[in-house]
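Predicted model only: the values in this text are computed from it and were never measured. Letters go in sequence order (proteins before strands), and every chain restarts at 1.
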Number of protein chains: 2
Amino acid sequence: MTKIIRIKDIAEMANVSMGTVDRVIHNRGKVSEDALKKVLEVLEQINYKPNLIARTLSSSKTQRLAVLLPDADLDPFWRSSILGIRQAYSEHNQFGVAVSEYLFDPYSGDSFREQARKALEWQPDGILLAPTLRQEALAFAEACQTNQIPLVCFNTHINELAMLSFIGQDLHQSGRVAAELMAMMASPGTILVTHIGEQVQNSVHIGAKETGFREFMAQKGRNHFEVITVQLASPTSPDFENSLAQTLETHPHTKGIYVTTSKAYEIARTLEKLGKTHVCLIGYDLIDDNLTYLRSGTINSLIHQNSDRQGFLGISYLTDYLVFQKPIPALRYLPLSIVTRENLDSYLSNIDFSQ
Amino acid sequence: MTKIIRIKDIAEMANVSMGTVDRVIHNRGKVSEDALKKVLEVLEQINYKPNLIARTLSSSKTQRLAVLLPDADLDPFWRSSILGIRQAYSEHNQFGVAVSEYLFDPYSGDSFREQARKALEWQPDGILLAPTLRQEALAFAEACQTNQIPLVCFNTHINELAMLSFIGQDLHQSGRVAAELMAMMASPGTILVTHIGEQVQNSVHIGAKETGFREFMAQKGRNHFEVITVQLASPTSPDFENSLAQTLETHPHTKGIYVTTSKAYEIARTLEKLGKTHVCLIGYDLIDDNLTYLRSGTINSLIHQNSDRQGFLGISYLTDYLVFQKPIPALRYLPLSIVTRENLDSYLSNIDFSQ
DNA sequence: TTGTACGCGTTATCAA
DNA sequence: TTGATAACGCGTACAA
């Protein structure tokens, strides 16, 4: 039971006032050589840990956090991120944080720039960003830097982008996990890899998953599998179904399909129509459409990106950084969760974070 | 931007003093009918949320949390629980909680009673318990109840035990997940189920996993698998190896082994000696010995109980309940995480909880 | 029964 | 450059 050391105690030990100690600790200057030395000496000896409770109570400035992410109505993938963000907000707003959401069209540069402008206009103290568009994100990050606003990114990693922290998953390893699952579940034959629903801009992003997938298959696939990358028509176009049917005809020994995006349900729907549900289908993310087909068995497994947790951690990190002045990790990879029919419910019941 | 409503504000609105408002909110009595009514009226209209920061700063009473769990030196399974507990402590001790650990021998009633006694002697405000021994735990829970000490349990669920909250996993579903994995990975043949390392007391505990396993196999196993429960010699005895070898001889078509405890490494070690690593082995928990064999491929998959998270949540729940007076869930099932060679590292890098 | 005043540890302000 | 002091919102002890 070591008693707590307060600023007041330090002041007494160093024979100075609390104000001086405060100035030294936060090095705000305006301290004489002499006083500085005395205080530092005491600080060396004892292990001062500031009382964060008292600090937040005192400096009751509310920190404004702007969140920039795609509109979930345009891509359901983002629904769970928002849930995590709101959950974090509801847990942290008592520490004096305000969160404002700016939703953009994930494929429209104009939309992004518009929302980014609004976000900066709000004069936030921190920003959480899902950088779906490379060029636009880079420009925005620069704006943040010149404005001295800390930036945390999630979901999509962009190398050259300067940020405080990134929260997401290891895409390369994620591809390996998918391949491992495929090798476990599919019969020997042809495996299709498709990036349905993704834009060209994200080629790096996508490449990592495919590279990981192929790497595993080359190392551990025992030559049982032939991996072929296919480009399908957009799922919104009427050609989509034909395009898939034709691909399957071209590759009659197709035993598995790896969808590197959250759009596996589009494939599943068509496979059911074509009566080809025996094909082993692996995709990403626990969005409603995917769950339907995971339950019916057409989708065999989903890799869970923990998007809810990504959002939650994003807000938590910014709060820690701004409110509590805690150090936060520069990189946080979340687990590559393997979800099947049998453990699905155990994940769904954990979408809340109350801890 | 709704401004914060303080007790002072309520007092002004109701034309009473802060003291009166305080008495009403915490219903400590000593309030006249008249004043009570006025304050309640205001409270109805506005949505008062007490400032938890100020509350904890003010009432600087430290809450004492006693933790009762098995000594990790006697069973490595408990190592990660402790890590989670300590992590939670390090994050919450600024809110004025003190944690004291009481470690017992998981198979000794005497040891448990001894530690339980010490724990109560410490006069804790809340208790976190891993109830490995049924009878002893029930008696202890009663003692807690008569002493009015809130009790949270984790890992092992005991039905009749009165507690504030339970944190663990759905054992029956866990068995189903194991079976699903087995059906994916093992060739048709005999599957052994073994409860190695568990005591008879926990038959209910164990039964749920096996029931789930058999249920899945009966429903979805397509008669490919014959499930047989085997009782092996204790892994500490010299007979262990022989006992397993003999079992494998008795069941020559053995294609898989499901170990319902964290002791899969004992089987793995022997399988390697016997040169039978082709047998599909599924077990529980990311303890070091298991990881070695998961990496070497002798163990095919581990179901992760998130024991670290269990401990973390246990402390968090008690803190929420005692310090912040928040409601906490009566039951929290954690995900049934499927861990393979490829996604293992993504779990290991997440043993910290900094959020 | 009611109201007031002090303390929790820190930050911020202001006079010296 | 310093030190004293008033907030921050709540709990509590004590006086009215």
Review point. If we ignore angles and hydrogens, is there a donor and acceptor under 3.5 Å between the side chains of A:Gln45 and A:Glu41?
Key: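 A:Gln45 vs A:Glu41: no donor-acceptor pair found between side chains.
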Say whether, by atom type as modelled, one donor and one acceptor occur between the side chain of [X] and the main chain of [Y] under 3.5 angstrom.
X: B:Asn155; Y: B:Gln310; answer: no
X: A:Ser58; Y: A:Ala54; answer: no
X: B:Asp9; Y: B:Arg6; answer: yes
X: B:Asp71; Y: B:Asp73; answer: yes
X: B:Asn51; Y: B:Ile53; answer: yes
X: B:Thr20; Y: B:Val16; answer: no

Round to the nearest Å and state the distance from [X] atom [atom1] to [N] atom [atom2].
X: B:Ile53; N: C:dT11; atom1: CD1; atom2: C1'; result: 15 Å
X: A:Ile10; N: D:dG3; atom1: CD1; atom2: P; result: 15 Å
X: A:Arg6; N: C:dC8; atom1: CZ; atom2: P; result: 6 Å
X: B:Asp9; N: D:dC8; atom1: CG; atom2: P; result: 11 Å
X: A:Leu57; N: C:dA12; atom1: CG; atom2: C1'; result: 14 Å
X: A:Lys8; N: C:dT10; atom1: NZ; atom2: P; result: 11 Å
X: A:Glu12; N: D:dA4; atom1: CD; atom2: C1'; result: 14 Å
X: B:Asn51; N: C:dC8; atom1: CG; atom2: C1'; result: 13 Å

Point to revise | Mutual orientation of the aromatic rings belonging to A:Phe104 and A:Phe112 [parallel < 30°, tilted 30-60°, perpendicular > 60°] | key: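 Judged by the thresholds at 30° and 60°, the geometry between A:Phe104 and A:Phe112 is perpendicular.
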Practice item. Check the angle between the aromatic planes of A:Phe166 and A:Tyr333 and answer parallel, tilted or perpendicular using the 30° and 60° thresholds. Key: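 Correct class here is perpendicular.
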Exercise for review: Can you sort out which residues in residues 16-32 of chain B have a heavy atom within less than 4.0 Å of DNA chain D? Ascending by number, please.
Suggested key: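 DNA chain D contact set from residues 16-32 of chain B: B:Asp22, B:His26, B:Arg28.
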**Study point:** A:Tyr48 vs C:dT10: side-chain N/O to OP1/OP2 distance below 4.0 Å
**Key:**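 So the side-chain polar atoms of A:Tyr48 do come within 4.0 Å of the phosphate oxygens OP1 or OP2 of C:dT10, strictly under.
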Point to revise | Any residue of residues 33-42 of chain A with a heavy atom less than 4.0 Å from an atom of DNA chain C | key: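 Residues of residues 33-42 of chain A under 4.0 Å from DNA chain C: none.
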